Number of protein chains: 2
Amino acid sequence: MREGAERPLRADAARNRSSLLAAAAREFAERGPDASVADIARRAGIGKGTVFRHFPTKEDLLAAVVLDRIEDLAALAARLANADDAGAALLEFMDEAAGRQQQLDLSFLRESGEVNERLAGARERLFAAIIALVERAQAAGAVRGDISGMDVILLMCAPNHVVSFVPDAPPDLWRRYLGIIFDGLRPEGARPLPHPAP
Amino acid sequence: MREGAERPLRADAARNRSSLLAAAAREFAERGPDASVADIARRAGIGKGTVFRHFPTKEDLLAAVVLDRIEDLAALAARLANADDAGAALLEFMDEAAGRQQQLDLSFLRESGEVNERLAGARERLFAAIIALVERAQAAGAVRGDISGMDVILLMCAPNHVVSFVPDAPPDLWRRYLGIIFDGLRPEGARPLPHPAP
DNA sequence: TAACAAGTTGACCGCCCGGTCCGTTTGGCT
DNA sequence: AGCCAAACGGACCGGGCGGTCAACTTGTTA
């Protein structure tokens, strides 16, 4: 049998796999990366052993969920890459990004970075797409010049994190903080920044 | 024996208590609120049982550390309350706040909120002082009008959090993101915010 | 339909954690 | 010095975690 030739999953296995991924996505989103495998399995309606048959490690499961998110965001960024209003495109990207990954914050940045080959690749593609969005927005004069793409990547999820501390937050309060942060990215009234970008 | 009349600690107990608090502060700052009690005890050079003699619960220990931070910040805010330049005072407060509590983020906002009476009181005093700083800065025209004190409280620690995701971050990279966020609080170029303050 | 590989399962393992307990040590008072 | 309450410390406990395994079930293929 060749390396790349993967035999198709059995029907029940494929069904279990997809409900497992869905359950893991919900559970990680709600409880963070420390959600227990047993809870995820229960939520997916499968046994704990089955989880480890599909993913050798909890970290691999998390990486699979994160990979989905990354590819989702990369597709979004690609779709916005040629928008007419580059500034609005960047804002829309940050808005959608924050909205989609409620709570599953930047863990995809460092977590399992070297563990998973595909994940590292997808992350690079996402980063490149974001950087392109930022540079177009800068060229259009919608974003200050002393900002790097990495700045946007880092600030992207701050709204969700910030909101996670208010007890009964309305579900779109994060938009308020995205608004504030995005205003900080605008050229109007920008002060020189005290430290170079990473 | 009266209620309020607390007998003084024995000399060794007082010594242990303070080194315990110091170790806990360092350990919580480095590893987050999930730092283990055993590690803290080892770092303080005392037995695990001694930790629980001083604080009945790990959460109480964390609350004590957090209380220190809160009172520290409240004193800072009080010192800046009458500064000449109200805008600079607010910026300095956020700068110092972010700098002092490297990584021990906003947990003090919700964690152990109702557990500890003193902590809740100190938190209210800190909040009031921050709100006063913000209102003075607004009156001076240094901060946009549609911002509440709570916004500043929530955004205060975002720089630290954001920076915690970059692998080998220089120790004052957070200043960059504080700069961006603070620019977002300025009146110049502010767009209307999409959601009311909490 | 018969037979087998692929898939499933929950009991089980080792580990680490917060918290308890009691035998031991030690500082303060007379 | 001698006493004792206060303080100490580490073995210990119960619980939950990630991960394993061998017995069992099921989809697929001929």
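So that the names make sense, note that chain A is the first sequence line, chain B the second, and so on, each numbered from 1. Computed from a predicted model, the values in this text were never measured in an experiment.
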Atom-to-atom span, [atom1] of [X] to [atom2] of [N] - whole angstrom:
X: E27(B); N: dC17(C); atom1: CD; atom2: C1'; value: 14 Å
X: E59(B); N: dG19(C); atom1: CD; atom2: P; value: 8 Å
X: L61(A); N: dG19(D); atom1: CG; atom2: P; value: 10 Å
X: H54(A); N: dT8(C); atom1: NE2; atom2: C1'; value: 9 Å
X: I40(B); N: dC17(C); atom1: CD1; atom2: C1'; value: 12 Å
X: R53(A); N: dT9(C); atom1: CZ; atom2: P; value: 11 Å

Residue pair A11(B)/D34(B) against DNA chain C: nearer the 5' end by closest nucleotide is D34(B)

Report task. Between K58(B) and N16(A), name the one whose nearest nucleotide on DNA chain C is closer to the 5' end. Result ->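 Of the two residues, N16(A) wins.
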
| message | Do D172(A) and H195(B) pair up side chain to side chain, a donor and an acceptor below 3.5 Å, judged on atom types alone? | response | yes

Selection from [options] that lies nearest to any side-chain heavy atom of [X]:
X: R10(A); options: dT28(D), dA7(D), dG18(D); result: dT28(D)
X: F52(A); options: dG19(D), dG27(C), dG7(C); result: dG19(D)
X: I46(B); options: dT8(C), dG9(D), dC8(D); result: dG9(D)

Categorize [X] for me: base, sugar-phosphate, or nothing, with a 4.0 angstrom heavy-atom threshold over every strand shown.
X: K48(B); answer: base
X: T50(A); answer: base
X: A14(B); answer: nothing
X: A41(A); answer: nothing

Whichever of G49(A) and D12(A) has its nearest DNA chain D nucleotide further upstream toward 5':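 So the residue in question is G49(A).
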
(message) I want to check one thing: is the phosphate of dG19(C), taken as OP1 and OP2, less than 4.0 Å away from some side-chain N or O of T57(B)?
(response)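 It does, given that an N or O in the side chain of T57(B) lies less than 4.0 Å from OP1 or OP2 of dG19(C).
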
- Are the side chains of E71(A) and R125(A) in touch, meaning some heavy atoms are under 4.5 Å apart?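 Side-chain contact under 4.5 Å: yes.
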
### Task
Could you tell me whether the side chain of F55(B) reaches within less than 4.5 Å of the side chain of L20(B), counting heavy atoms only?
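Answer yes - side chains close enough.
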
query: Should R176(A) and D151(B) count as an ion pair when the cut-off is N to O under 4.0 Å?
result: yes

Tightest non-hydrogen contact, residues L73(A) and F93(A), listed as O-CE1, 3.6 Å

